[in-house]
Amino acid sequence: MNTSYAPLQLNYQLDSIHCFNQNDGAFKILNSTDFGSPFEIYFNNTILANQSQINNLVPGTYEVFVKDNQGCLTDSVLFTLENPTELITDLGNDLEVKQGTRVQLNLQSNRNLRSFFWQPSNISNCVSCNQIDVIIDQDTWVYTLAIDDRNCSSLDSIFIRVKKSGNVFAPNVFSPNGDNINDYFYIQGFDQAIVEILFIYDRWGNKLFETYNVPVNIPTAGWNGKHQNRNMNPGVYIYYAKIRIQDVDVVELFGDVNLIK
């Protein structure tokens, strides 16, 4: 009597990798009861006993076959788990802005996005917004966590720096003697600053000079050492200045200036 044996069949199911470079692929044997117990899986030259599912697979090519409890082998199965396209999001380049500036942030992506989470949380709680407007008062890191329709996520960030106020200063001595060297007392420093007020007083509190809304670094916009077209005597005088920097910061300067000849 001749006995014929049906060849061993390996029925299986593949679970693809959901997100770029993740290890959530899986190989499942659907007919493990056909092999009796114990059986062995030969998976890329690794032997696994009595295991009907292999999880945590990374992108790559795999070969698998089964030896049943009688020592019979199935045909080899060769399969490849592809690496999905990476989800990429981009908030753009870092920014430098004036304090109090309203900034529009627009998150770009190579995939359709389902939801958005913005940090710090106080800038937006809109989970469906890829574009928001924020007012920047201080140096701020903004982060986005975006999730697409495959439940893959992408994190991006942008650093928004507030422009630092430029330094301004007043000299402590000047010599209005007509030699065209240091003939004026004037505010100097950051070239975009505006002197909103500059007052000069003598030691008794009498106002000798005043000017308004002039640029810094302009000698002739300052004090020439005269009062009512009369040259003042050498000595110590008092100044007060209020300077606006970049339309936001206001700096006040006051002190003594020594007039020499």
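Numbering of residues begins at 1 and proceeds along the displayed sequence.
- A heavy-atom distance below 4.5 Å is not found between the side chains of Val250 and Ile243.
- Residues Arg114 and Asn151 meet the side-chain proximity criterion, which asks for heavy atoms closer than 4.5 Å.
- With rounding to the nearest 0.5 angstrom, the CD1 atom of Ile123 is 12.0 Å from the CD1 atom of Ile135.
- Every pair tested for side chain to side chain donor-acceptor pair (under 3.5 Å) that includes a residue from residues 115-124 fails, sequence neighbours excluded, so the list is empty.
- Using modelled atom types, one side-chain atom of Asn44 and one backbone atom of Glu63 make a donor-acceptor pair closer than 3.5 Å.
- A side-chain donor-acceptor contact under 3.5 Å links Asn31 to the backbone of Gln9.
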When the side chains of residues 212-230 are checked against the rest of the protein, which donor-acceptor pairs come out under 3.5 Å, sequence neighbours left out?
residue, atom, partner, partner atom, Å
Tyr212, OH, Glu210, OE1, 2.4
Asn217, OD1, Gly189, N, 2.9
Asn217, ND2, Gly189, O, 2.9
Trp223, NE1, Lys226, O, 2.7
Asn224, OD1, Lys226, N, 3.1
His227, ND1, Leu208, O, 3.1

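- In the model, Thr61 has a side-chain atom that pairs as donor or acceptor with a side-chain atom of Thr80 under 3.5 Å.
- Contact of the Phe209 side chain with the Leu198 side chain is registered, since non-hydrogen atoms from C-beta on lie closer than 4.5 Å.
- Counting only residues at least two apart or on different chains, the disulfide (SG to SG under 2.5 Å) pairs with a member in residues 102-134 are Cys126-Cys129.
- Side-chain contact between Val134 and Ile136: present, with at least one pair of heavy atoms (C-beta onward) separated by less than 4.5 Å.
- Taken to the nearest 0.5 Å, the CG atom of Leu57 stands 6.0 Å off from the CG atom of Leu81.
- Residue pairs meeting the disulfide (SG to SG under 2.5 Å) criterion with at least one member in residues 30-101, sequence neighbours excluded, do not occur.
- By the criterion of side-chain heavy atoms lying less than 4.5 angstrom apart, applied directly or through intervening Ile, Leu, Val, Met, Phe, Trp or Tyr residues, Phe185 is not grouped with Phe169; the two fall into different hydrophobic clusters.
- Side chains of Leu87 and Cys19 form no contact here, defined as non-hydrogen atoms less than 4.5 Å apart.
- Applying the ring pair (Phe, Tyr, Trp, His ring centres under 6.0 Å) test to residues at least two apart or on different chains, none of the pairs has a partner in residues 93-114.
- Other members of the cluster containing Leu78 do not exist, because no ILVMFWY side chain is joined to it at under 4.5 Å.
- Hydrophobic clustering places Ile54 together with Ile17 (ILVMFWY residues linked when any side-chain heavy atoms are closer than 4.5 Å, directly or through intermediates).
- Taking 4.5 Å as the limit, some side-chain heavy atom of Val66 sits within range of a side-chain heavy atom of Ile29.
- For the salt bridge (charged side-chain N to carboxylate O under 4.0 Å, His left out) test, no residue two or more places apart in sequence or in another chain qualifies with Asp256.
- In this structure, Leu113 CG and Ser128 OG are separated by 12.0 Å, a value rounded to the nearest 0.5 Å.
- Judged by distance alone, with hydrogens and angles left aside, the side-chain atoms of Asn11 form no donor-acceptor pair with the main-chain N or O of Leu30 at under 3.5 Å.
- Salt-bridge check for Arg161 with Asp94: failed, with every basic side-chain N at 4.0 Å or more from each acidic carboxylate O.
- Atoms CG and CD1, from Asn45 and Ile47 in turn, are 9.0 Å apart once rounded to the nearest 0.5 Å.
- Listed here is the closest heavy atom pair of Val162 and Asp139: N-OD1, 2.7 Å.
- Rounded to the nearest 0.5 angstrom, Leu95 CG and Leu105 CG are separated by 7.0 Å.
- Aromatic ring orientation, Tyr143 versus Trp141: parallel (interplanar angle below 30°, classes split at 30° and 60°).
- When atom types are taken as modelled, the side chain of Asn258 and the backbone of Phe174 share no donor-acceptor pair closer than 3.5 angstrom.
- Tyr186 and Leu259 are members of different hydrophobic clusters when ILVMFWY side chains are connected at heavy-atom separations under 4.5 Å.
- The shortest non-hydrogen separation linking Arg150 to Pro84 is NH2-CG, 4.2 Å.
- Considering only residues two or more places apart in sequence or on other chains, Glu196 meets the salt bridge (charged side-chain N to carboxylate O under 4.0 Å, His left out) condition with Arg244.
- In terms of hydrophobic clustering, with Ile, Leu, Val, Met, Phe, Trp and Tyr side chains grouped at heavy-atom distances under 4.5 Å, Leu253 and Phe190 are assigned to a common cluster.
- Within a 6.0 Å sphere centred on CG of Asn125, heavy atoms belonging to other residues, nucleotides or ligands number 12 at most.
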Worked verdict on Val127 versus Phe117 for side chain to side chain contact (heavy atoms under 4.5 Å, CB included): CA-CA 6 Å; Val127 297; Phe117 300 91; 4.0 Å; yes

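- Closest non-hydrogen pair, Ile181 versus Ser175, comes out as O-OG, 3.5 Å.
- Remark: side-chain polar atoms of Asp148 are not paired, donor with acceptor, to backbone N or O of Asn112 under 3.5 angstrom.
- Among residue pairs with one or both ends in residues 50-107, those qualifying as ring pair (Phe, Tyr, Trp, His ring centres under 6.0 Å) are Phe27-Phe79, Tyr42-Phe65, Phe43-Tyr62, Tyr62-Phe79; sequence neighbours excluded.
- Residues Cys152 and Phe20 form no side-chain contact, since every pair of their non-hydrogen atoms from C-beta on lies 4.5 Å or further apart.
- To the nearest 0.5 Å, the span separating CG on Leu8 from CD on Gln70 amounts to 10.0 Å.
- For Asn21, the side chain to side chain donor-acceptor pair (under 3.5 Å) criterion is met by Asn83, not counting sequence neighbours.
- In this structure, Lys261 and Asn177 approach most closely via the heavy-atom pair C-ND2, 3.9 Å.
- Between Asn231 and Pro176, the closest side-chain pair of non-hydrogen atoms is not below 4.5 Å.
- For Val64 against Leu10, the heavy-atom pair with the smallest separation is O-CD2, 4.3 Å.
- In this structure, the side chain of Gln51 engages the main chain of Gln53 through a donor-acceptor pair within 3.5 Å.
- In summary, the side chains of Ser154 and Thr89 do present a donor paired with an acceptor at a separation below 3.5 Å, with no hydrogens or angles considered.
- Phe159 and Val103 are assigned to two separate hydrophobic clusters, defined by single-linkage of ILVMFWY side chains at heavy-atom distances under 4.5 Å.
- Looking at Asp24, its side chain does come within 3.5 Å of a backbone N or O of His18 through a donor-acceptor pair.
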Could you give the side-chain donor-acceptor pairs of residues 233-241 under 3.5 Å, partners two or more places apart or in another chain?
residue, atom, partner, partner atom, Å
Tyr237, OH, Asn233, O, 2.7
Tyr240, OH, Glu252, OE2, 2.4

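- Residues satisfying the salt bridge (charged side-chain N to carboxylate O under 4.0 Å, His left out) test with Asp68, not counting sequence neighbours, are none.
- Heavy-atom minimum distance, Gly92 versus Asp156: N-OD2, 4.5 Å.
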